[in-house]
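What follows is a set of notes on a single structure, which appears directly below.
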Amino acid sequence: MDIQGYCAPGFEALYDAFATNFRDYGDVGASFCAVHQGEVVASLWAGSADRAGTRAFEEDTLANVFSSSKGVLALIALQQVAAGNLDLDLPVAHYWPEFAAAGKSGITGRQLLCHRAGVIAFRERVKDDLIYDWPAALEQVAATEPWWQPGSQQGYAPFLYGWTVGGLIEKASGQPLMSLYRAGIADPLELDGGFGAVGHRSTEIADVGPLKKPLPELRDNAIGRSIKEDRQGPVATAFTNPVSLMMGTNGEQWRSALIPAANGHFSARDLATVYGDLAAEAPRLLPQALLREATAEQSRGQDAILQADVAFGCGFLKSAVAEDLHFGSEAGFGHPGAGGSVGFADPRAELGFGYVTSRMGQSLFMDQRAVGLKNCLYSLL
């Protein structure tokens, strides 16, 4: 495999760690980037961006990073807090009156961001094309009944998070979500991608697909087991209502839609740049005091959907002891995406990390590809 890119002096071992993902773990097209103390110490890419193998994967190639999108969405919400447009401890209905329906009048923005609202899936079966219609999705989520008493337990919202948090941001700010993303994050940091795959700085899009051989699991696949055991339960419903949430991710409809919990298309350089800023002593994107408060632990427990003991800040997963959720140090925070992509910040090391792949593993957390790169990187710091 011909590895392209750059490693700073002292970080050359990352070439080999990146190549290992292609040689041993089935990567076909991927990129990796690390920002340390504001400087890019590694930016690597290799492989092909399409299934036919005719387009090279480049530094600015965008791939669907699935739930890694959520960290960027949370950042937009926090920027609206900084601007004085949003108070996370007020009810969402203060900004979005329709959201009070079906027992949601007391749900706060903070509960949405740290996955304690109970709005984890549509209760009623919805049409497959709903997810491509932003206004209709907002209307549907505003009418949806929580699955349990809001605030009573932690339950990850795989897809509805994007419409609840995104809708709140738009109602509080009076501006379109994409305009806020571009003005507050993409343009200042010169990012390649964003939500969906159109209208960004880069037009290079990778096709995503499953790994040909499953990776050895870093943890038990409790989510898959729960889905099989109860096809009508909250875990299964959260991932499969509608079924289009799990299909068509290379299609034009998916790529042109706004599905901010799951269809962010970013390069590894994008994720490392965002989290590198958030790991800095003086971040550009948020006031340090607000960032520190937002990335402190807000909720911890056995998550009703993720089927694992995890902790959340405001929109970010907190670093855990488990290898597949350890973001460098106890101070680390970030968000992995289904299939293996991940972005995280480690303020103690002043490090931003981004890994993006076109070949999806089975985990919702980091898998051996990102973990191997992370372990190699930290051995060099």
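One is the number of the first residue; the rest follow in order along the sequence.
Contact check on E204 versus R55 returns a salt bridge, with a Lys/Arg side-chain nitrogen under 4.0 Å from an Asp/Glu carboxylate oxygen. Salt bridge R201/D60: absent, no basic N to carboxylate O contact under 4.0 Å. Salt bridge annotation for D207-R255: present, with a cationic side-chain nitrogen under 4.0 angstrom from a carboxylate oxygen. Salt-bridge annotation for D367 and R369: present, with a side-chain N of the basic residue lying under 4.0 Å from a carboxylate O of the acidic one. Ion pairing between E297 and R292 fails under the 4.0 Å rule for side-chain N and carboxylate O.
Counting only distance, with no hydrogens or angles, the side chain of S48 and the backbone of A56 share no donor-acceptor pair below 3.5 Å. Panel note: side chain S105, backbone A100; no donor-acceptor pair is recorded below 3.5 Å. Between the side chain of N241 and the backbone N or O of V126, at least one donor-acceptor pair lies under 3.5 Å. The closest donor-acceptor contact from the side chain of S179 to the backbone of Q175 lies at 3.5 Å or more, if one exists at all. For Q140 (side chain) and L138 (main-chain N/O), no donor-acceptor pair under 3.5 Å exists by modelled atom type. Remark: side-chain polar atoms of D27 are not paired, donor with acceptor, to backbone N or O of A30 under 3.5 angstrom. The backbone N or O of L191 sits nowhere less than 3.5 Å from a side-chain atom of D270 that would complete a donor-acceptor pair. Counting only distance, with no hydrogens or angles, the side chain of S69 and the backbone of G264 share a donor-acceptor pair below 3.5 Å.
Note that the CG atom of D50 and the OG atom of S358 stand 9.5 Å from one another [nearest 0.5 Å]. The CZ atom of F316 sits 7.0 Å away from atom CG of L291, with the distance rounded to the nearest 0.5 Å. Between the CZ atom of F344 and the OG atom of S329 there is a distance of 9.0 Å, given to the nearest 0.5 Å. The OG1 atom of T144 sits 10.5 Å away from atom CD of E139, with the distance rounded to the nearest 0.5 Å. Interatomic distance, E59 CD to L44 CG, rounded to the nearest 0.5 Å: 9.0 Å. Here CE of M360 is found 12.0 Å from CG of L215. Values are rounded to the nearest 0.5 Å.
Nearest heavy atoms, L317 versus F327: O-CE1, 3.4 Å. Closest heavy-atom contact between A338 and L364: CB-CD2, 3.5 Å. Heavy atoms only, all atoms of each residue included: L351 and L377 are closest at CD2-CD2, 3.6 Å. Across P150 and I107, no two heavy atoms sit closer than the pair CB-CG1, 3.5 Å. Closest approach of G313 to C114, counting heavy atoms only: O-CB, 3.4 Å. Nearest approach of N64 to A262, heavy atoms of both residues: ND2-O, 2.9 Å.
Residues L180 and L285 fall within the same hydrophobic cluster, defined by Ile, Leu, Val, Met, Phe, Trp and Tyr side chains chained together at heavy-atom separations under 4.5 Å. Residue W254 is not grouped with residue V198 when hydrophobic side chains (ILVMFWY) are merged at heavy-atom distances under 4.5 angstrom, including chains of intermediate members. In terms of hydrophobic clustering, with Ile, Leu, Val, Met, Phe, Trp and Tyr side chains grouped at heavy-atom distances under 4.5 Å, V165 and W134 are assigned to a common cluster. The hydrophobic cluster containing L168 also contains V81, counting ILVMFWY residues as joined when their side-chain heavy atoms lie under 4.5 angstrom apart, directly or transitively.
No side-chain N or O of Y132 forms a donor-acceptor pair with one of K127 less than 3.5 Å apart. For D346 and Y378, the side-chain atoms include at least one donor-acceptor pair closer than 3.5 Å. Side-chain contact, S267 with D192: a donor N or O sits under 3.5 Å from an acceptor N or O. Using a 3.5 Å distance cut-off with no hydrogens or angles, the side chains of Q154 and D303 do pair a donor with an acceptor.
Sparse packing is recorded around CD of E330, with 12 or fewer heavy atoms of other residues, nucleotides or ligands lying under 6.0 Å away.
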Exercise. Output, in order, the C-alpha distance, side-chain angles, deciding distance and verdict of side-chain contact (heavy atoms from CB on, under 4.5 Å) for L113 and F312.
Key: CA-CA 8 Å; L113 282 166; F312 286 100; over 6 Å; no

Exercise. Give the C-alpha distance, both sets of side-chain angles, the deciding distance and a yes or no for side-chain contact (heavy atoms from CB on, under 4.5 Å) between H265 and V65.
Key: CA-CA 6 Å; H265 284 66; V65 300; over 6 Å; no

Self-check item: Verdict with reasoning, L88 to T108, per side-chain contact (heavy atoms from CB on, under 4.5 Å)
Solution: CA-CA 6 Å; L88 294 181; T108 66; over 6 Å; no

Practice problem: Please assess S67 against Y156 for the test side-chain contact (heavy atoms from CB on, under 4.5 Å), listing each intermediate value before the final yes or no. | Solution: CA-CA 11 Å; S67 285; Y156 180 70; 2.9 Å; yes

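Considering only heavy atoms from C-beta on, T61 stays 4.5 Å or farther from I205 through its side chain. At a threshold of 4.5 Å between non-hydrogen side-chain atoms, the residues R269 and S31 do not count as touching. Between Q298 and R116, every side-chain heavy-atom pair lies at or beyond the 4.5 Å cut-off. Side-chain contact between Y181 and F195: present, with at least one pair of heavy atoms (C-beta onward) separated by less than 4.5 Å. Between N21 and Q368, the closest side-chain pair of non-hydrogen atoms is not below 4.5 Å. The closest side-chain heavy-atom distance from V28 to L211 is not below 4.5 Å. Side-chain contact between P242 and I131 is present, with at least one heavy-atom pair separated by less than 4.5 Å. Using a 4.5 Å heavy-atom cutoff, the side chains of L160 and I120 are not in contact.
Using cut-offs of 30° and 60° for the angle between ring planes, the F159 and F239 rings count as perpendicular. Under the 30°/60° scheme for interplanar angles, the aromatic rings of W96 and F99 are found to be tilted.
In summary, of the residues considered (Y6, W45, F353, F11), a ring-ring contact (aromatic ring centres under 6.0 Å, His included) with F32 occurs for F353 alone.
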